[in-house]
Structure formats: structure tokens, C-alpha cells
Amino acid sequence: MNMEYNFSAIEQKWQQFWQENGTYKVSNGSDKPKFYVLDMFPYPSGAGLHVGHPLGYIASDIYSRYKRMKGFNVLHPMGFDAFGLPAEQYAIQQGLHPDVTTKQNIKTFKGQLNRLGFDYDWDREVKTCDPDYYKWTQWIFLQLFACWYNKSTQKAEPIDTLEAAFRAGGSNAADGAGGEEVADFSAEDWNAMSEAEQQKVLMNFRLAYLSHASVNWCEALGTVLANDEVKEGVSERGGHPVERRLMRQWFLRTTAYADRLLDDLDDLDWSDAMKEMQRNWIGRSEGASVWFDIADTDKKFEVFTTRPDTIYGVTFMVLAPEHDLVAEVTSAEQKQEVEGYVSYVKARTDRERQMEKKVTGAFTGAYAVHPFSGEKVPIYISEYVLIGYGTGAIMAVPSDDDRDEVFAQHFDIPIVDIIDKSKYPGATKSDKLGIMINSGFMDGMEVPDAIKAAINAVEEKGIGTGKVNYRLRDAGYSRQRYWGEPFPIVYRDEMPYALGSGDLPLTLPEVSSYKPTGSGDGPLAALTDWVNTPDGKRETDTMPGYAGSSWYFLRYMSPQCNDRFVDEKAEQYWQNVDLYIGGTEHAVGHLLYSRTWQKFMFDRGWVSQKEPFKRLVNQGMIQGMSRFVYRKKGTNTFVSHGLIGEHEVTPLHVDVNFVDGLVMDTERFKAWRAEYNDAEFILEDGQYICGSAVEKMSKSKFNVVNPDDIVNQYGADCLRMFEMFLGPIDQGKPWNTQGISGVSKFLRRFWNLFRFDENGQANLDDATPTADEMKILHKTIKKVNEDIDRMGFNTCVSAFMEATNALTEKKCNKRAILKPMVALLAPFAPFVTEELWRAVGESGSVHHSDFPTHDEQYLVENSKEYPIQINGKVRTKISIALDADKAAVEAVVMGNDIVKQWTDGKTLRKFVYVPGKIINVVAN
RNA sequence: GCCCAGGUGGUGGAACUGGUAGACACGCAGGACUUAAAAUCCUGUUCCCCUUAAAGGAGUGCGGGUUCGAUUCCCGCCCUGGGCACCA
């Protein structure tokens with residue numbers, strides 16, 4: 001008779017103990033080295049935590065516990081990214097204040113997180129919708145508004161330094177990001193300007209500035225829609241038409257930081273894939289900007305090209321349909337066609353436009369003048385040229401660009417070869433290889449030389465210049481929504497003015513309706529009392545989701561600090577995040593914005609580090625396993641999956657919780673919804689078999705698996721280890737609860753090693769372990785240490801299983817073996833190890849004990865059973881001393897009967913001996 | 001369409017820098033224990049051929065290549081997932 005492993009009692013007991021004893025409280029002052037582990041904080045959705053969320057959290061929890069046991073002072077906080085669209089949509093539907101639903105959801109999330117045994121210090125929790133938090137989000141925005149980017153010093157500086165420069169020396173006295181848009185002026189000009197005029201100029205330089213951007217406007221709903229609320233040109237809800245509309249918006253001048261965002265990637269410990277995605281997002285390309293005159297007018301337009309060498313191959317020009325010049329240059333005959341085409345494009349998203357295989361476009365009737373040949377080339381408009389990239393206009397070279405080529409073929413435009421690639425077999429259009437032909441002054445040059453020559457030539461002619469272009473755009477910072485941070489801005493005479501920092505936070509006011517106003521303004525615009533102040537009219541847009549998440553990692557360092565966004569000393573101690581774990585879905589947006597904000601604050605001297613996240617690890621997405629039933633059209637009869645071929649059926653998602661494998665519990669299905677109460681079934685072999693598909697885990701697909709259910713059935717330690725056991729942390733996989741029994745069995749076998757009696761007393765042996773037992777222990781210690789370091793948590797779990805199986809087989813209950821095993825397992829299974837730590841006779845928390853390190857002396861081997869290959873195929877195995885030299889090995893191997901058999905009548909060509917690995921005999 | 005990642009038994013996966021493919025689990029099959037079931041334990045389990053076994057052949061999405069040796073490196077393709085700027 002012995003005591004069984006009772007996980008629910010153990011987990012409750014220690015969860016309470018940790019809370020009462022402040023086991024995970026973290027201090028900002030410590031002699032220990034610091035280590036900051038961070039998870040991407042969740043959006044607290046109404047569906048609660050599903051089993052996909054904790055994957056990354058478990059990994060970071062294991063890592064943080066490991067680091068703590070290794071002697072570090074570890075910060076591992078958690079909070080909530082609480083502003084956002086779903087809460088607002090729910091408010092519109094249900095009339096419940098987003099603050100109420102958000103608070104409820106956070107409570108649910110926290111309960112779920114605590115049950116999983118995470119070592120968060122909840123005193124450090126941050127919520128982006130908390131006024132004490134967004135006070136500082138607003139403050140940072142105001143600092144961005146109050147600064148410009150000085151390209152000479154490569155730093156953000158207060159806007160007064162720019163004003164001073166203008167006052168003293170006019171526009172040439174300063175080189176600020178954004179200045180390309182501003183016409184030159186002298187110091188006298190500046191001083192003669194009115195305040196409004198001066199502010200207008202300064203707006204071009206501010207790091208947070210007002211401009212215009214196109215948004216998804218839905219007339220019928222009277223609101224701006226998010227991209228994923230638009231499906232195929234119509235609103236997802238209601239199916240109303242959506243079109244692109246220009247609106248005044250706040251922007252952040254992220255492009256000012258483009259080069260630093262690019263260069264500083266080199267020093268980060270991120271995956272190459274992640275760095276590559278950031279590089280591609282920034283999209284730096286070197287080329288030239290060239291001005292083309294429009295024939296028979298005094299108008300001209302600018303194109304950006306990475307291939308100025310191909311200018312003699314230009315046979316037409318393409319403007320983006322939204323380009324300002326389109327209306328001005330279109331001829332009377334082409335007017336109708338062009339307008340028709342423009343309205344067609346208006347209803348299409350950039351993505352649709354890029355994916356379109358069909359060639360479309362319209363001729364404007366206007367011609368550009370080729371700057372070198374003087375020939376007239378036709379100007380077209382087409383959706384494949386986007387207004388947001390480069391100048392929204394291209395010079396088209398059909399001989400050397402695939403998209404230009406299909407366009408030319410479709411519209412029957414001539415194609416002129418300009419590059420002879422015969423010297424470079426296999427080179428494609430996009431390779432910058434070949435010798436120039438039909439290209440005037442460039443004839444005979446290699447492409448790289450021709451690029452330089454072409455830039456020189458356009459510069460000499462005064463029609464262009466070498467230029468670096470970025471795909472990165474300034475970030476749109478306005479949302480016409482309610483549930484976000486209000487802008488601390490008032491307008492006087494259409495000119496924005498910052499609120500004083502004493503007026504922060506500008507709290508989000510109560511509204512009676514969360515519905516859009518219909519005019520394109522957000523719900524705040526309806527609050528006329530709030531909007532109109534003695535100092536001016538308030539901005540009624542709110543900030544985007546990424547505002548709060550761009551700096552939250554700093555707030556965790558000193559969440560209660562109320563005179564600064566982060567306490568100076570705390571920031572100097574914690575510096576930046578040592579390990580950041582989160583999904584690839586944030587690969588560019590969130591990570592790029594956070595990096596930009598950090599650099600801005602670094603420039604201003606408010607933080608000590610130029611990068612926020614030193615090491616980044618991406619966790620894969622856990623997908624749902626959806627189950628389907630098939631309803632016979634127009635009936636309430638459901639056909640089992642194997643028989644649907646005989647019927648006309650509609651597939652419907654069914655709740656995975658009443659399907660076992662693929663077999664559905666038909667009684668539970670009938671009870672699920674009133675409409676199914678009288679459902680009938682066409683069964684196969686007496687069972688209803690469901691269809692299945694792997695999809696995103698979501699409430700609407702009824703495939704959400706709640707961790708609470710798993711914890712109730714198997715315990716949190718088991719769920720933690722099972723999620724890690726599923727596979728490598730960075731790979732996505734469908735959730736399948738089948739298989740969890742293996743981990744559950746392991747935990748029970750580990751528990752049974754301690755031989756508890758009916759009084760709960762462990763029965764351990766204090767004898768000295770055997771060499772075999774020490775080898776099992778130290779092999780496991782070595783592997784677990786190495787695998788945690790490289791985030792190989794799945795193989796750690798396997799190692800624990802192997803060790804437990806081996807110790808069970810040896811009936812080993814020795815304290816000297818089991819005690820270090822408990823410490824080793826502690827980061828993975830924090831509850832049961834805390835209990836077992838007492839069983840081996842310790843009194844403190846296992847989570848503050850030392851992590852075991854291995855001793856190589858227990859692992860030495862002196863011989864190895866070598867696989868013997870004959871011509872690359874393993875034919876036998878021979879045990880040979882590891883320190884044997886090649887001649888001795890060859891003698892042993894060639895004397896072996898099986899080897900002789902295989903090499904009989906053949907000549908030995910090569911004897912490959914890789915010590916410790918393999919032996920290969922090559923003979924023919 | 002563009003960028004990034006992945007594809008290994010019935011299933012999840014292992015194989016760390018080119019060196020025994022399938023560790024560890026799930027599932028399945030057979031057996032032990034039991035009045036029975038559950039639980040537990042033991043044995044087997046890539047496929048094919050032959051089968052009592054041994055031995056052999058094939059095999060890491062597909063087609064080529066480099067190498068004594070390729071899941072790993074190179075070239076071309078197919079499929080799946082993530083992102084593409086207002087979901088978070």
C-alpha cells in the first residue's frame with residue numbers, strides 16, 4: 001500500500017504556498033547578475049486562454065526558473081495588451097463597456113495562468129488600458145511630436161534646435177528627416193513667416209506628424225474598416241462596398257530610423273529568418289530618381305528605379321492610378337477609359353492588386369519625353385504600380401522586367417533589348433549581369449558599371465540623382481475608434497498643440513454609444529462637451545494597438561513609478577530583454593515599432609540600450625483540429641463522413657469536445673443546440689464518423705481546447721511537460737490531446753521512485769550509488785543543461801523519461817540520485833518537484849536551490865561499438881577501443897568474418913575511420 | 001503575387017557542426033494480472049519480399065547533383081503554415 005500521486009492536492013497546496021511566501025517576488029536591487037525573460041503579452045480575448053497560448057509561456061517559464069537556479073536575478077513578468085478592436089466590436093453588439101469586458105477577461109486569463117504554475121511577479125503586471133500606464137504612452141507620443149530627426153548627428157533632437165537653425169540659417173542650416181518635401185527658404189523667409197506657416201514647415205520634420213493616408217472607407221457602415229474586416233472589396237459584416245479614401249492621420253516617422261534598424265540587426269541574437277523578414281520589410285534599395293518631362297506640357301514627374309542602366313530600354317511609363325498627375329495629363333479621348341479604370345482600382349486592396357495575374361491598365365493619351373533619345377513614350381496607368389512605394393511612378397523596361405514585359409505584350413508596346421546576357425548562361429532578368437547594347441553612351445559596359453555611368457549621366461543633365469529608397473513607410477498612428485489611447489492634442493486653427501505633461505493622462509471619456517459617427521470620425525467625436533475645450537478642439541481619433549505594446553517591456557521594470565515612464569535606476573539595472581519569446585505573426589510590426597521607440601528614447605538619453613530585445617525565439621502556432629458533421633441539404637439528417645458521397649451535404653463545424661478521435665457522441669450533439677434536438681443520423685458501422693481539418697484555433701470553429709480541462713484531468717505539471725513534449729518550440733503543430741497519457745505515466749513513475757508509504761513518508765536509500773546509476777544521472781544532467789540552453793525542451797522531456805525508465809528498472813531509490821533529479825525537473829514540473837523536494841529532506845523551495853551540473857568523470861567510455869559500413873551500407877558492428885589508432889582498427893575490421901564475406905574478391909579502395917563515429921570500407 | 005518557415009512510420013517527433021534513420025512517446029497487436037473491466041506490467045510494431053528465423057531489398061515531399069557516406073550541402077519543382085502595414 002502506498003500513497004498515489006495526487007496532482008490536484010499538490011498543485012493547490014504549492015500555488016497557495018508560493019503566493020503566501022512571495023516565492024517569485026523580484027527585487028530591482030541584487031548582487032546577482034540580472035536576466036530578463038519576456039513573453040509577448042496576450043490580448044485578453046473573451047474566449048479565454050486556449051492550449052496554444054501557453055506554449056511560449058511554458059518555455060519562458062522553464063527558462064526563467066532554470067536561470068534563477070543558475071544564480072541569476074530573473075525578471076519574468078506578465079501583463080495584458082488590453083486595447084483593441086474585438087472588445088470594441090463586442091461593445092457595439094452588446095452595449096457593454098469595453099473596460100468591463102476587458103477586466104473580466106483579464107481575470108479569467110490570470111486565473112488560467114496561475115493554475116499553470118508560472119513564476120510571474122504579479123506586482124509588476126501592466127495593462128495597456130490602465131490610465132497609469134497609458135499616461136506614459138501619451139507622454140512618449142508627445143515627445144515624438146516634440147522632436148525631429150537630425151540626419152547630420154543621426155539622432156532625434158528637440159524641435160527647438162531645428163527652429164533655432166532655421167532662424168539663424170534657413171532651411172539649409174539643418175538636415176532633418178522629412179525635409180525633402182519642403183521647398184528651400186532663407187533665414188529671412190523663416191523669420192517673416194507667421195506662426196501658422198512656421199508650424200506647417202515644422203510638421204514636415206516632427207517624428208510624430210500629421211499627413212494624409214488612404215483607409216478602407218465603408219459608406220454604408222459610416223466607418224473605417226480594418227483590413228481583415230474587408231473581404232473581396234466588401235465589408236465582412238453586411239457585405240457593403242468598401243473603397244479607399246484619403247484621411248488626415250497621425251504618422252510616426254519610422255523611416256528616419258530605417259538605416260539604424262537595418263544595421264543594428266547584425267548584433268542581435270535573433271534567427272536569420274527573423275532578421276531577413278525585418279530586412280525585407282525595411283526594403284532598402286539603391287538606385288536613382290529620374291525626372292521625366294511630359295511632352296507638350298511644362299509638367300514633369302519623378303520615378304525611382306534600381307536599374308538606371310536600363311533607361312534606353314524604356315518604351316512606356318506607368319503611373320499609379322491614384323497619382324496626382326493622372327487627372328491633369330489624361331487626354332480628352334482617353335478620359336472615359338482612365339476614369340473607369342481608376343474607379344475599378346479604388347475598390348481593390350494593394351494585396352489584390354499585387355496578386356492579380358490578369359494584365360489591366362489604361363493609356364492616358366499623354367507621352368513622356370525620353371531624356372536621352374528624345375523619343376516620345378506613352379504614359380499608362382496600371383494597378384501593378386502602387387502609390388505607396390517609391391514615387392508611385394515607374395519607367396517600364398519590358399526587356400528586363402517580367403511585369404513590364406507582360407504589360408507590353410498585352411498592350412502591344414515595343415520591346416527593345418538592351419542587355420546581352422550571352423556571357424552569363426542561366427542569368428535571369430533580375431540578375432544584374434550582362435553587357436549593354438542599344439544603349440548609347442553605355443554600349444559595351446558591364447551592368448554594374450553601366451548603373452554608375454547612368455547615375456552620373458542623369459546627374460550631369462540635372463534630371464536626377466542617385467538615391468536610396470525604402471519599402472518601409474512611416475507608420476500610420478490614427479484609428480477612428482473608441483477603445484484606444486486618446487491623443488493628448490488639441491487643435492487651434494487646424495494646427496495641433498500638445499497638452500502639457502501635467503494634463504496627462506488624458507483619460508478616455510465615457511460614451512453613450514460605441515458606434516461610429518458615420519462621418520468617418522471615431523465615437524469620441526460625438527462627445528461635443530469633451531471635444532470642445534477652452535484651449536481648442538480635441539483630437540478624436542485614438543492610438544493604434546501597437547502604441548501600448550511598443551514600450552511595455554520597460555514598464556515592467558518599475559510598474560509603479562509615477563514620475564517617469566521607467567525608473568532610471570531600474571532601467572540601468574535591467575537594461576533590456578535577454579530572452580523574448582513570441583509568435584512569428586509579430587515578426588515585423590510589433591518588433592519593428594518597439595525597436596524604433598527604443599532607439600528614439602535612447603537618442604534622448606532616457607534609456608541605456610539601443611535595442612530592446614537581445615535574443616528572440618519564435619514559438620510555433622498551435623493549430624486546432626476541427627471536426628465536421630455533414631447535414632443533408634434541406635433536412636435535419638446528418639451523414640457519417642464515409643457516406644457523404646451518396647448525398648448532397650453541407651459541412652458544419654461541430655464542437656471537438658464531444659468527438660472522441662473521429663467518433664461523435666450523437667446524444668451530446670443533439671443536446672448541444674435546440675435545432676439539433678431531433679437530429680437524425682446515417683451511421684457507418686453504428687458510429688457517426690466526423691470529417692476533420694487543421695485550422696486556426698478559434699471560438700467560431702468550435703475547436704478550442706481549454707487548458708483548464710486538461711489541468712483538471714491530468715494536472716498542470718503534466719500539461720506543461722506535454723506541451724513541451726509535442727515538438728520543437730519554434731514549429732507549429734495541430735493540437736491533439738491523444739498522447740498526453742505518456743507524460744502522465746512518466747510523472748507517476750517518477751513519483752513512484754520515492755516509494756511513499758501510506759503516511760506519505762518517502763522511503764529512500766542513503767547508500768552510495770553504483771557507477772551505472774551515476775552515469776544515468778550525469779548523462780541526464782548534461783543533456784538537460786545543454787538542451788535548455790538551446791531551447792530543446794522536447795528532448796529534455798525524453799531524457800527525463802529515459803532516466804526514469806532506467807532508474808525504475810534498476811529499482812533505484814537512492815537519495816543521492818533522486819535529489820538532483822528533483823532539482824533538474826523543477827523548471828519543467830514546478831509543483832510536484834516542490835513536494836518531492838520535501839520528500840528528499842529539504843526545507844526551502846526547490847526553485848531557489850542550485851541547478852545540478854554534471855561531472856564528466858561519470859561519463860567516460862573507453863570503447864565504442866562501431867557501425868561498420870561496406871560501401872556506405874552498415875553490415876555489422878564491432879566493439880573497438882576509442883583510443884585505437886587507424887592501423888590497429890583497420891587490422892581488426894579487415895579480419896572480421898562479415899567484412900571478409902562482403903569484400904571477398906574485391907580490392908580495398910579506401911578505409912574511412914572517423915574515431916568515435918563510424919568506419920567505412922570502400923571496395924570494388 | 002512577394003517575403004519567411006516547414007515536409008521523416010498509422011500519429012507527435014529524435015538524429016546538435018555530413019557519419020548506425022525512426023530515440024522518446026501515442027496508437028495498434030499479442031500476452032500477464034483480474035470473476036470482469038479499468039489501471040499496471042511484459043513483448044512486438046518503417047515498408048516490401050521470404051517467413052520460424054537469419055539474410056536481403058527499398059526508404060526522410062518529388063526529380064537531379066556533390067561525397068567513401070546526404071534527413072543534413074547544392075540546383076529545379078510540388079505541397080502546407082505564417083506575414084504582407086487598421087486582427088492582436
Report yes if a side-chain nitrogen or oxygen of [X] is closer than 4.0 Å to either non-bridging phosphate oxygen (OP1 or OP2) of [N]; otherwise report no.
| X | N | result |
| --- | --- | --- |
| Lys917(A) | G19(B) | no |
| Arg875(A) | U20(B) | no |
| Lys357(A) | G1(B) | yes |

Taking atom [atom1] in both [N] and [M], compute the distance separating them and give it to the nearest angstrom.
| N | M | atom1 | result |
| --- | --- | --- | --- |
| U71(B) | G61(B) | P | 9 Å |
| U8(B) | U45(B) | P | 22 Å |
| C49(B) | U11(B) | C1' | 27 Å |
| C16(B) | U66(B) | C1' | 23 Å |
| G56(B) | G6(B) | P | 36 Å |
| A21(B) | U46(B) | C1' | 10 Å |
| C68(B) | C3(B) | P | 36 Å |
| C41(B) | C48(B) | P | 30 Å |

**Prompt:** When rounded to the nearest 0.5 angstrom, what distance separates CG in Leu386(A) from CZ in Arg351(A)?
**Reply:** 12.0 Å
**Prompt:** Which residue, Val797(A), Ile729(A), Ile740(A), Ile622(A), forms the side chain to side chain contact (heavy atoms under 4.5 Å, CB included) with Glu723(A)?
**Reply:**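 Per the side chain to side chain contact (heavy atoms under 4.5 Å, CB included) rule, the option paired with Glu723(A) is Ile622(A), out of Val797(A), Ile729(A), Ile740(A), Ile622(A).
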Do the side chains of [Y] and [X] get nearer than 4.5 Å, heavy atoms only?
| X | Y | answer |
| --- | --- | --- |
| Thr102(A) | Pro44(A) | yes |
| Met621(A) | Met697(A) | no |
| Gln278(A) | Leu261(A) | no |
| Ser594(A) | His590(A) | yes |
| Ile880(A) | Ile919(A) | yes |
| Tyr384(A) | Val406(A) | no |

Roughly how many Å is it from [atom1] in [X] to [atom2] in [N], rounded to a whole number?
| X | N | atom1 | atom2 | result |
| --- | --- | --- | --- | --- |
| Arg909(A) | U67(B) | CZ | P | 17 Å |
| Tyr5(A) | A39(B) | OH | P | 18 Å |
| Glu352(A) | G1(B) | CD | C1' | 12 Å |
| Asn752(A) | U40(B) | CG | C1' | 10 Å |
| Ile898(A) | A54(B) | CD1 | P | 14 Å |
| Ile919(A) | U20(B) | CD1 | P | 13 Å |
| Asn871(A) | U67(B) | CG | P | 16 Å |
| Glu276(A) | C2(B) | CD | P | 16 Å |

**Item:** Side chain Lys877(A) and base U20(B) donor-acceptor under 3.5 Å
**Value:** yes
**Asked** Counting only distance, no hydrogens or angles, is the base of C68(B) paired donor-acceptor with the side chain of Asn920(A) under 3.5 Å?
**Response** yes
**Message:** Using only atom types and a distance under 3.5 Å, with no angle test, would you say the side chain of Asn896(A) pairs donor to acceptor with the backbone of Val899(A)?
**Reply:** yes
**Chi class for G9(B): syn within 90° of 0, otherwise anti** = syn
**Prompt:** So which one's nearest nucleotide on RNA chain B is more toward 5', Val922(A) or Pro734(A)?
**Reply:**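 Nearest nucleotide further toward 5': that of Pro734(A).
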**Prompt:** Which comes earlier along RNA chain B counting from the 5' end, the contact point of Val912(A) or that of Asn794(A), where each point is its nearest nucleotide?
**Reply:** Asn794(A)
**Item:** salt bridge (Lys or Arg N to Asp or Glu O under 4.0 Å) contacts touching residues 731-742 of chain A (sequence neighbours left out)
**Value:**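 Residue pairs passing salt bridge (Lys or Arg N to Asp or Glu O under 4.0 Å), neighbours aside: none found.
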**Prompt:** Gln869(A) near the nucleic acid: base, sugar-phosphate alone, or nothing, with a heavy-atom cut-off under 4.0 Å?
**Reply:**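 Result for Gln869(A) = base.
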**Request:** Check every strand shown and say whether Trp270(A) touches a base, only sugar-phosphate, or nothing at a heavy-atom separation below 4.0 Å.
**Result:** nothing
Output side-chain donor-acceptor pairs under 3.5 Å for residues 906-915 of chain A, partner residues at least two apart or in another chain, one line each.
| from | atom 1 | to | atom 2 | distance (Å) |
| --- | --- | --- | --- | --- |
| Arg909(A) | NE | Asn924(A) | OD1 | 2.6 |
| Arg909(A) | NH2 | Asn924(A) | OD1 | 3.2 |
| Tyr913(A) | OH | Ala884(A) | O | 3.2 |

**Message:** So if I define the base as every atom that isn't primed, P, OP1 or OP2, how would nucleotides 79-88 of chain B read as a B/S/- string at a heavy-atom cutoff under 4.0 Å?
**Reply:** --SSSBBBSB
**Item:** Nucleotide-resolved protein contact map, nucleotides 24-34 of chain B, B/S/- at heavy-atom distance under 4.0 Å
**Value:** BSS--------
**Message:** Which residue is it: Phe756(A), Phe7(A), Phe746(A)? I am looking for the one with a ring-ring contact (aromatic ring centres under 6.0 Å, His included) to Trp751(A).
**Reply:**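 Among the candidates, only Phe756(A) passes.
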**Lys910(A) side chain, from C-beta outward: closest of C68(B), G12(B), A14(B)** =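 Side chain of Lys910(A) sits closest to C68(B).
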**Message:** Give me the stems containing RNA chain B, sorted by first residue, counting only three or more consecutive Watson-Crick or G-U pairs with both distances under 3.5 Å; say none if there aren't any.
**Reply:**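 When the pairs of RNA chain B are grouped into runs of at least three, the stems are B:1-7 with B:78-84, B:10-12 with B:24-26, B:27-32 with B:40-45, B:46-48 with B:56-58, B:61-65 with B:73-77.
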**Message:** For Trp735(A) and Phe722(A), take the angle between the two ring planes, folded into 0 to 90°, and tell me which bin it lands in: parallel under 30, tilted 30 to 60, perpendicular over 60.
**Reply:** perpendicular
Hey, can you pull the donor-acceptor pairs under 3.5 Å for the side chains in residues 540-548 of chain A, sequence neighbours left out?
| from | atom 1 | to | atom 2 | distance (Å) |
| --- | --- | --- | --- | --- |
| Asp541(A) | OD2 | Gln480(A) | NE2 | 3.2 |
| Thr542(A) | OG1 | Arg481(A) | O | 3.0 |
| Tyr546(A) | OH | Gly476(A) | O | 2.9 |

